[in-house]
Amino acid sequence: MKENNHNLVGIVVVSHSNTLAQEIINFVKVFKQEDFALENGGDVKREVYGTNVENVKEAIIRADNGAGVLVFVDMGSSVFHATKAVEELRGEVEAEIADAPLVEGII
């Protein structure tokens with residue numbers, strides 16, 4: 001586990017559009033008042049749509065500072081991949097899918 005003085009929950013954004021996820025992250029940074037992890041769960045190395053279980057798992061691990069991770073998703077396969085990633089990380093990282101709208105929930 002990573003050290004974090006504030007022990008804040010991390011956030012991962014998973015969207016069909018990696019660009020959309022990154023823009024949501026950029027928008028949320030304007031409102032951030034604490035230094036919590038905020039990660040893109042998409043395939044940010046490629047300019048494609050979608051993601052996969054490994055990308056989401058890597059983002060969850062990066063976002064974990066010891067207090068757990070909330071994963072926000074948009075629809076369809078992003079929900080499937082995020083759910084599978086959370087399941088595969090059980091016992092290693094405390095992570096949950098947020099039951100909230102993507103943009104409003106993260107803010």
Side-chain angles (χ1 to χ4, degrees):
M1 265 189 265
K2 299 176 200 170
E3 290 282 336
N4 184 334
N5 294 336
H6 300 291
N7 211 27
L8 298 173
V9 171
I11 293 178
V12 172
V13 183
V14 183
S15 172
H16 275 72
S17 168
N18 302 317
T19 304
L20 174 61
Q22 193 57 52
E23 286 305 314
I24 291 169
I25 289 169
N26 294 341
F27 182 64
V28 170
K29 286 180 181 178
V30 172
F31 298 101
K32 276 179 75 171
Q33 295 182 14
E34 297 288 339
D35 188 25
F36 58 88
L38 185 57
E39 295 288 337
N40 188 331
D43 190 0
V44 295
K45 297 176 187 132
R46 298 177 55 210
E47 293 182 20
V48 297
Y49 288 100
T51 190
N52 58 48
V53 175
E54 288 306 312
N55 288 334
V56 178
K57 283 172 58 175
E58 289 171 10
I60 291 170
I61 290 167
R62 286 192 311 270
D64 180 38
N65 288 317
V69 176
L70 272 176
V71 181
F72 288 83
V73 296
D74 58 4
M75 60 186 175
S77 63
S78 64
V79 177
F80 170 79
H81 293 306
T83 301
K84 186 80 170 150
V86 167
E87 288 172 4
E88 289 184 13
L89 288 171
R90 286 259 185 257
E92 183 180 340
V93 176
E94 186 177 334
E96 296 294 333
I97 307 295
D99 184 14
L102 185 61
V103 177
E104 296 89 339
I106 295 169
I107 293 172

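The structure presented is a predicted model; accordingly, all values stated were derived computationally and were not measured. In what follows, residues are counted from 1 in the order of the sequence shown.
How far CD1 of Ile97 is from OG1 of Thr83: 4.5 Å, rounded to the nearest 0.5 Å. Phe36 contributes atom CZ, which lies 14.5 Å from atom CG of Asn7 (distance to the nearest 0.5 angstrom). Here the CD1-CD1 distance, from Ile25 to Ile106, works out to 7.5 Å after rounding to the nearest 0.5 Å. Separation of atoms CD1 (Ile60) and CG (Asn55) is listed at 11.0 Å; rounding is to 0.5 Å.
Contact check on Glu23 versus Lys29 returns no salt bridge, with no Lys/Arg side-chain nitrogen under 4.0 Å from an Asp/Glu carboxylate oxygen.
Residue Val53 is not grouped with residue Val12 when hydrophobic side chains (ILVMFWY) are merged at heavy-atom distances under 4.5 angstrom, including chains of intermediate members. Following chains of ILVMFWY side-chain contacts shorter than 4.5 Å, one cannot reach Val56 starting from Met75, and the two form parts of different hydrophobic clusters.
In summary, of the residues considered (Val14, Asp74, Val73), a side-chain contact (heavy atoms from CB on, under 4.5 Å) with Leu102 occurs for Asp74 alone. For the side-chain contact (heavy atoms from CB on, under 4.5 Å) test with Val69, the passing option among Ile61, Leu89, Val86, Asp64 is Asp64; the others fail.
Two residues are said to be in side-chain contact when any heavy atoms from C-beta on lie closer than 4.5 Å; Lys84 and Glu87 meet this criterion. Taking the side chain as every heavy atom from C-beta outward, Phe27 and Ile107 approach each other to under 4.5 Å.
Scanning all heavy atoms of the two residues, the minimum distance from Ala85 to Lys57 falls at CB-CG, 3.5 Å. Nearest approach of Ala95 to Arg90, heavy atoms of both residues: O-NH1, 3.4 Å. Taking both residues in full, the closest heavy atoms of Gly42 and Thr51 are given as CA-OG1, 3.5 Å, listed atom of the first, atom of the second, then distance. For the pair Phe72 and Pro101, the tightest heavy-atom approach, listed with the atom from each and the gap, is CD2-O, 4.1 Å. Residues Ser15 and Ala21 approach most closely at CB-CB, 4.0 Å, considering heavy atoms. What you find for Ala82 and Val71 is that their closest heavy atoms are CB-CG1, 3.9 Å.
A distance-only check finds a donor-acceptor pair linking the side chain of Asn40 to the backbone of Asn18 [under 3.5 Å].
A 6.0 Å sphere centred on CD of Glu94 holds no more than 12 heavy atoms belonging to other residues, nucleotides or ligands.
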Evaluate the side-chain contact (heavy atoms from CB on, under 4.5 Å) criterion for residues Leu38 and Ile11: first the C-alpha distance (whole Å), next the side-chain angles of each, then the deciding distance (0.1 Å), finally the verdict.
CA-CA 5 Å; Leu38 185 57; Ile11 293 178; 3.6 Å; yes
Apply the test side chain to side chain donor-acceptor pair (under 3.5 Å) to residues Asn26 and Gln22: give CA-CA distance (whole Å), side-chain angles for both, the deciding distance (0.1 Å), then the verdict.
CA-CA 6 Å; Asn26 294 341; Gln22 193 57 52; 3.3 Å; yes
